[in-house]
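Quantities reported herein were computed from a predicted structural model and do not represent experimental measurements. Labels below follow one simple rule: chain letters A, B, ... track the order of the sequence lines, proteins then strands, and each chain is numbered from 1.
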There are 2 protein chains.
Amino acid sequence: MQQAKIYEQVVDRIRDLLESGELHPGDKLPPERKLAELFKVSRSSLREAIRALQESGVLESRRGDGTYISLPVGSDLLAPFAEVLTQQRVRLWQFFQFRIAIEPQIARLAAQERTDGHLEALHHLLDMQEREVIADEKNGFADLHFHQLIAMATGNPLFVDLVTRAEAKLAETRNESLQSEERMQRSLLAHKEIYSTIAGRDQDGAENAMRTHLQQIEKLVFCDRE
Amino acid sequence: MQQAKIYEQVVDRIRDLLESGELHPGDKLPPERKLAELFKVSRSSLREAIRALQESGVLESRRGDGTYISLPVGSDLLAPFAEVLTQQRVRLWQFFQFRIAIEPQIARLAAQERTDGHLEALHHLLDMQEREVIADEKNGFADLHFHQLIAMATGNPLFVDLVTRAEAKLAETRNESLQSEERMQRSLLAHKEIYSTIAGRDQDGAENAMRTHLQQIEKLVFCDRE
DNA sequence: CTTCGGATATTGGTCGGACCATAGTGTACA
DNA sequence: TGTACACTATGGTCCGACCAATATCCGAAG
């Protein structure tokens, strides 16, 4: 029963080195062969880790030269804090903090800008979610898209993009406490509440309802474990 | 003679298959060994391509089972609004709407989470901005980074990333009304106000000060023309 | 002494093959 | 009929070799 794949472990170890300050942006990494030996893994696994880190913009390989830690964007002025920018893993709680700061404002705007078309789409989605709950399907499909539809109701593609990325990232770390039957019913209720405030163009109500909804989820996620 | 690396070619070919509709979200890919043979590459290179695509959320591998195309956004439910996501052009006012919704919340969090180190950096930046105003330099360097520093004070890299992207995008369309001497003085004053609220850990004050600041800028940009 | 050019070493990129670990499938037995 | 086992397919890991681009060093030319 081996859970973590080797290359994932390597990714983590390299990120750790960055956060602990043992490696700095611009540094040149040891050659792959030495790194592999150092980490006690095959060069193949090490390379897959490098590919992953490269794809997320942390590393940069130059054939015949070496592998470097990417320089963060921005100027020297930001240097003291700059490492936060590119590398540094994003924790789960940071995502929740992010959503709780952003989405209530989106809901507020949605209440202001929504059209009847958006309302209809939301209503349709709620129906679907209700059927999911009754059938006890745990795919969470409707739940996932509710927040996207709210963002669309603002009429501003920037919000849609933002929420979409957040949802996608959050889906990676989906945990079980989000899948209990009780939680799904609570979620449905909260969504209905948010829907009605937006339908009634109640901006304050929408903002508060959304914040309450997200805080409930947060509490569930962080108190449920261990 | 910079030949594209093999695994990059493979990444592109797979992305092409997705966009051309020959592969759909949820589909199961052929086994790695067959795919490698099909693409005429080694399994190692194919796997590095898969790692990269996996890191960007396109693919998903399950040991003993297969590799699947992840299904984040593209459901039929969103189809009516989907154009917004991909290629609707983002208007300038949408950026302002975005910032006015987001940054006051960031300022609020900053007032809560800031350390003395952040405060010091902010103070230093304000000094620099003051010298700019006095010297009548119009580079707007300090002005640009003020909002970034605020985001850093939240301690959450997600906000930093967000603000950085927004600033970068806005810098492209920088217009002249932002460069007048009067505006720069007003901006400096507003920044000082925001600074003092954050220094005093006044969350409501910070939120309001930031909102007022942004609304002033918005007014300037949109009333100045014609 | 400086500069240029080529030989050499270093390093990432690609390859093929072997074996391991796990999830899904089918089959034989109770 | 149902359960447990063996088998198979598939992703994960390792090894060792060679290729290709780049850096470095060193000697010859100016």
Side-chain angles (χ1 to χ4, degrees), chain A residues 1-15 17-18 23-71 87 138-139 171-172 174 176 179, chain B residues 1-15 17-18 23-71:
Chain A
M1 171 85 172
Q2 178 164 4
Q3 200 47 278
K5 297 155 196 170
I6 298 287
Y7 78 90
E8 286 180 341
Q9 295 177 23
V10 175
V11 165
D12 285 340
R13 292 184 64 175
I14 293 181
R15 295 198 112 119
L17 288 180
L18 280 173
L23 289 175
H24 302 86
D27 280 1
K28 183 174 183 174
L29 263 63
E32 293 183 349
R33 293 160 177 88
K34 304 218 179 211
L35 259 188
E37 186 185 0
L38 187 64
F39 285 156
K40 299 283 202 303
V41 302
S42 74
R43 203 180 150 209
S44 322
S45 296
L46 175 76
R47 280 180 59 80
E48 293 197 20
I50 291 180
R51 271 299 88 76
L53 284 168
Q54 181 176 290
E55 193 61 20
S56 37
V58 177
L59 295 183
E60 196 172 327
S61 290
R62 288 198 281 270
R63 168 202 216 121
D65 184 358
T67 301
Y68 295 81
I69 300 172
S70 307
L71 292 169
Q87 42 263 2
K138 297 212 191 294
N139 52 23
E172 292 178 7
R174 213 113 199 123
E176 316 71 33
Q179 302 294 344
Chain B
M1 177 94 168
Q2 170 63 307
Q3 276 284 6
K5 296 157 195 169
I6 297 287
Y7 80 89
E8 287 179 341
Q9 296 176 22
V10 175
V11 165
D12 287 340
R13 292 185 63 175
I14 293 181
R15 290 200 122 113
L17 288 180
L18 272 174
L23 288 176
H24 302 84
D27 280 0
K28 183 176 186 173
L29 263 62
E32 292 183 350
R33 292 159 176 87
K34 305 222 177 207
L35 259 188
E37 186 185 0
L38 187 64
F39 285 155
K40 300 283 202 303
V41 301
S42 75
R43 202 182 149 206
S44 321
S45 297
L46 176 77
R47 279 180 61 80
E48 292 196 20
I50 291 180
R51 269 302 87 76
L53 284 169
Q54 182 176 290
E55 193 61 19
S56 33
V58 177
L59 295 183
E60 195 173 329
S61 291
R62 288 198 281 271
R63 154 136 99 206
D65 185 357
T67 301
Y68 296 80
I69 300 173
S70 3
L71 45 155

**Prompt:** With the sugar-phosphate defined as primed atoms, P, OP1 and OP2, and the base as all remaining atoms, what B/S/- string results for nucleotides 15-20 of chain C, 5' to 3', for protein heavy atoms under 4.0 Å?
**Reply:** BB-BB-

In whole angstrom, what separates [X]'s [atom1] from [N]'s [atom2]?
{"X": "B:E37", "N": "D:dT10", "atom1": "CD", "atom2": "C1'", "result": "16 Å"}
{"X": "A:I50", "N": "C:dT11", "atom1": "CD1", "atom2": "C1'", "result": "11 Å"}
{"X": "A:K5", "N": "D:dT13", "atom1": "NZ", "atom2": "C1'", "result": "13 Å"}
{"X": "B:E8", "N": "C:dG13", "atom1": "CD", "atom2": "P", "result": "9 Å"}
{"X": "A:L29", "N": "C:dG13", "atom1": "CG", "atom2": "C1'", "result": "17 Å"}
{"X": "A:Y68", "N": "C:dT10", "atom1": "OH", "atom2": "C1'", "result": "11 Å"}

**Complete:** By side chain to side chain contact (heavy atoms under 4.5 Å, CB included), B:I14 pairs with (sequence neighbours left out) B:V10, B:F39, B:L53

**Asked** Who passes side chain to side chain contact (heavy atoms under 4.5 Å, CB included) against B:L18, sequence neighbours left out?
**Response** B:L23, B:V58, B:I69

**Request:** Return the set of residues passing salt bridge (charged side-chain N to carboxylate O under 4.0 Å, His left out) with A:R62 (not counting sequence neighbours), or none when no residue passes.
**Result:** A:E60, A:D65

**Asked** By salt bridge (charged side-chain N to carboxylate O under 4.0 Å, His left out), which residues pair with B:R51, not counting sequence neighbours?
**Response** A:E48

**Asked** Heavy atoms under 4.0 Å, any strand shown: does B:R47 hit a base, just sugar-phosphate, or nothing?
**Response** base

Polar pairs (N or O, both sides) under 3.5 Å between protein and nucleotides 4-9 of chain D?
none

**Request:** Please determine if a side-chain N or O atom of B:R51 lies less than 4.0 Å away from the OP1 or OP2 oxygen of D:dG12.
**Result:** yes

**Message:** Distance check, rounded to the nearest 0.5 Å: B:L46 atom CG versus B:R13 atom CZ?
**Reply:** 10.5 Å

**Message:** Please compare A:K28 and A:E48 by the position of their nearest nucleotide in DNA chain D and report the one closer to 5'.
**Reply:** A:E48

**Message:** For A:T67, give me all partners under side chain to side chain donor-acceptor pair (under 3.5 Å), at least two apart in sequence or on another chain.
**Reply:** A:S61

**Message:** Restricting to side chain to side chain donor-acceptor pair (under 3.5 Å), what partner residues turn up for A:E32, sequence neighbours left out?
**Reply:** A:R43, A:R47

